[in-house]
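Notes for the one structure printed next.
Because the structure is predicted, anything quoted here is derived from the model rather than measured. The sequence lines fix the lettering, A, B, ..., with proteins before strands; numbering per chain opens at 1.
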Amino acid sequence: MAEVTQDFKDKVLTILAEVCESDEIKKNPDLQLFDEGLLDSFATISLVVEFEQQLEISVPISDFNREEWATPNMIVNQLAERK
Amino acid sequence: MKWLRFGPMLLAVVIVCTLIFMPADLERAAISSNNMKEAAASLDPHVFQGMLMQQKMLKNEQYLPIYGSSELYRLDKYHPTNYFKVQPDGFTPFLIGRGGMYSLVHFLNFASTANQLKGKKIVFILSPEWFTKTGLDPLHFKPNFSREQAYNLVFSNSISPKLKQKAARRLVQFSFIRNDGTLGRLLEDVAYPGRRQPALRLADELKGQMTYKILTLHDLVDMHFIRPGYKKSQYQKPDRQLSKDNWNQLTLSAKKTAIHDTGSNRFHIDTSLYKKSIQHHLNTFRGYRKNESYAQSPEYSDFQLVLDLLKEEHVHALFISVPFNGRWYDYAGVPKQRREVCYKKIADEVRKNGFQLADFTRFDSKPFFLQDTMHIGPMGWVYIDRSIKTFFDRS
Amino acid sequence: MISFIPYASFQFFTLIAFLLAPIIILGLMGMRNTLYNDCVAILMTFLIFAAQPEQLISILLFIIWQAVLIKGYLAIRTKNNNSACFYIAIVLAIIPLFLVKLSADVPALNFIGFLGISYVSFKSIQMIMDIRDGLLKEIPLIQYFRFIVFFPTISSGPIDRYRRFREDTSKIPTSVEYRTLLYQGLNKIFLGFLYKYIIGYLIHKYWMGSPMLLPDTLSSIWLYMYGYSMYLFFDFAGYSNFAIGVSYLMGVRTPENFNKPFISRNIKDFWNRWHMTLSFWFRDYIYMRFVYTAVKKKWLKNRYLISDIGLTLNFLVMGFWHGFMLQYIIYGIYHATAFILFDKFERFNKKHPFWPKDNKWMHALSVVITFHVICFSFLIFSGRLDFLWQR
């Protein structure tokens, strides 16, 4: 497991909350984003683009599968591994 | 136990296998006498393209099967089905046949019920129109060909091997049968044994057995959904009045009906039919059969297959020989002497094989026996009813 | 020659029962014989296409063609990430499929093609895309072959992903794991029988085949629409269950294709439940790639417009993929339109909520509306409405 700093986590969650237009994400980091309708294909792309621009981490979109990137926590960890 | 989870699947396999490999005895037992009563006059083709119902019917003393073709569909009040309802004679006619059911079709059907036919009384109505130069053609055979009966022929031992081979050789002359995958290959094996590798034959036999069992299952299901094969307009209700009449009175009243129905034209063809499909282009029918002859026909040897089978099973059969409509055939270009050849050949073949014949070809040029160019009319049925009664009571 | 079209005949099931028996026995012991599995794969590929030798030749040429492409592109990609090379590789990978789809109208091309060419094409195209993304660094030829000619799904999917498949084939399930796989696999196969050969068959024979539905009247077309939609589902879901079930028996968890599509709440939900492996393939490799590229390169300012164009492209390609016929194109446009309209509705509802989400009556109403929207699309798809624009 890669080390996850609180600063990094906050940054990711802020991007997520912005793209999903929902603050609930920060309160509940185990929210099922796709099942709750907060994320869809279109939002995923905005997310990937934002990650690339703000965090300088690039994620190939075909690697962004819905099982492994399902919750805010999972997304944080996936990104941390790619830093 | 974890393995218990597989229980429902195993059960499904067992149920399917039981259904498919159910012995024929059980399948016949699943047909009720009510189904049979319904089927007797239904003329539903599923009945004569299947075999379960007929096998069961033949085991029942109450039924007298009448084999034939399209004439059976003229269910007027003199038709045996209706007549013997009002004047019971100890049997119920069971009708088997439809248009295009030539001898070979009947043979396949007989072969599939050979065991049950043993010593049985049957009636068989012959049509002289079958005995043309071509005889049975694929156009008439295909819709009447029963794959179930053909598989039965392949796998059954109830007829003699020689007859079986002879029949198979005739069947594989038809390309639609020869090319019918597994069935075609199996029939060719019967017709010309020893041509193929035993392993290949075995594979086809296994597959064939499977298909055959599934077809009989279909047969069983169909027998519970019998629907009339005739049109409403072809059916008259039985007439209670007829029970009082003797044969002379019956003949007279039938003749009266016939005169009324067919008196409008010189061919004595049913008026409505004549007006609808003949009158307006009568000229096109002049001599339209002038090249037809009945001296040589594959039908004679197909018919011989039927006779051979019935002899093997010691069946008491009454054959009924029906005439052409003489006046119409004169017009169509088949002179009387050519027609007589056909009548004589049929009569000889029946008698030579030792079967009874009710020969009505003397009505060739006399009106009212038929109601159109070839189908039996009211008066014809009265004569036939009489000969059936005599046959049934005597033998 | 006896034909062995997958899951279409009794002899096919008998044959695979016979061939799978050793795999199942070994599986229950927690083992796998890769050589045997490969032999089965080769034998089945041969038997499935042997009845039509020209198909057998087509598929062999096709596999070699794609292997050369993938290996070639991989070699280039490791040296540099040139976009032109990528696009050329994609075009070359699509060409056979394109020609086959065209061959329906061009008799001269009739000799090419084989059962399942589109599904096999999807598999190799995604591999090229994954190479481009740097997700695939090496592809052993034997793994490629196993993936491409995985016989349970060769004729009509479900479309698996190479990286997922590779993991399943490289890991041998333990005895306990395999017992679950066996149970689930057999269960799916039996469900397949129920769906395809009982329910689907009965609907086809007695509902769609009813003479009452023949006339071109509103009521009979309406009833036909329901019948056809149900048939389409049960027939294809039944097939998919066979394919997935047999995959499980071989230790491969081929992804699901259907997830109760007729209880979808909206069109978006529907495409997450209907023919899932196909719609996800289109989503990942057409819609998302297009939108991603367009957003990143800032082709347009309005991101929603980009998304709408992406959706149109997505469903139009799907329509053409079904065949170059008007009914399929209309079907594609219809779904694109429905999808775009729903997107607008959803955005509007987010800003000015008027359609409550957590109300069970509203939920039921959404399901009913969605159901009819999709059934109507299947009616277009079925060709039953062709009489409207023909003649």
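- For chain C, the nearby parts of A:Ser46 are the backbone and the side chain; heavy atoms of each come within less than 4.5 Å.
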query: Can you list the steps and then say if C:Asp133 with C:Arg289 is a side chain to side chain contact (heavy atoms under 4.5 Å, CB included)?
result: CA-CA 11 Å; C:Asp133 287 352; C:Arg289 286 193 105 81; 2.8 Å; yes

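- Here the side chains of A:Glu18 and A:Leu47 are not in contact, with every heavy-atom distance at 4.5 Å or above.
- Classification of the C:Tyr285-C:Trp281 ring pair by plane angle, with boundaries at 30° and 60°, yields tilted.
- Heavy-atom neighbours of chain A within the stretch residues 300-319 of chain C, taken at a separation under 4.5 angstrom, comprise C:Arg303, C:Tyr304, C:Ser307.
- Between the side chains of C:Glu167 and C:Tyr162, not a single donor N or O lies within less than 3.5 Å of an accepting N or O.
- Note: C:Phe122 and C:Phe282 have perpendicular aromatic rings, judged against thresholds of 30 and 60 degrees for the angle between ring planes.
- A heavy-atom distance below 4.5 Å is not found between the side chains of A:Glu36 and A:Glu24.
- Interface residue A:Asp40: only side-chain heavy atoms are found under 4.5 Å from chain C.
- Contacts of residues 268-278 of chain C with chain A at a heavy-atom distance below 4.5 Å involve C:Lys268, C:Asn272, listed in sequence order.
- C:Arg132 and C:Ser83 share a donor-acceptor pair across their side chains, judged by distance under 3.5 Å alone.
- Your options are A:Asp63, A:Val49, A:Thr44, and the one with the most heavy-atom pairs under 4.5 Å with chain C is A:Asp63.
- Side-chain atoms of C:Ile139 and C:Ile70, non-hydrogen and from C-beta on, do get closer than 4.5 Å to each other.
- Counted by atom type alone, A:Glu50 and A:Gln54 present one or more donor-acceptor pairs between their side chains at under 3.5 Å.
- Heavy atoms of C:Val291 lying under 4.5 Å from chain A belong to its backbone as well as its side chain.
- Inspection of the C:Arg164 and C:Thr254 side chains reveals no N or O donor paired with an N or O acceptor under 3.5 Å.
- Using a cutoff of 4.0 Å between basic side-chain nitrogens and carboxylate oxygens, A:Arg66 and A:Asp35 are not scored as salt-bridged.
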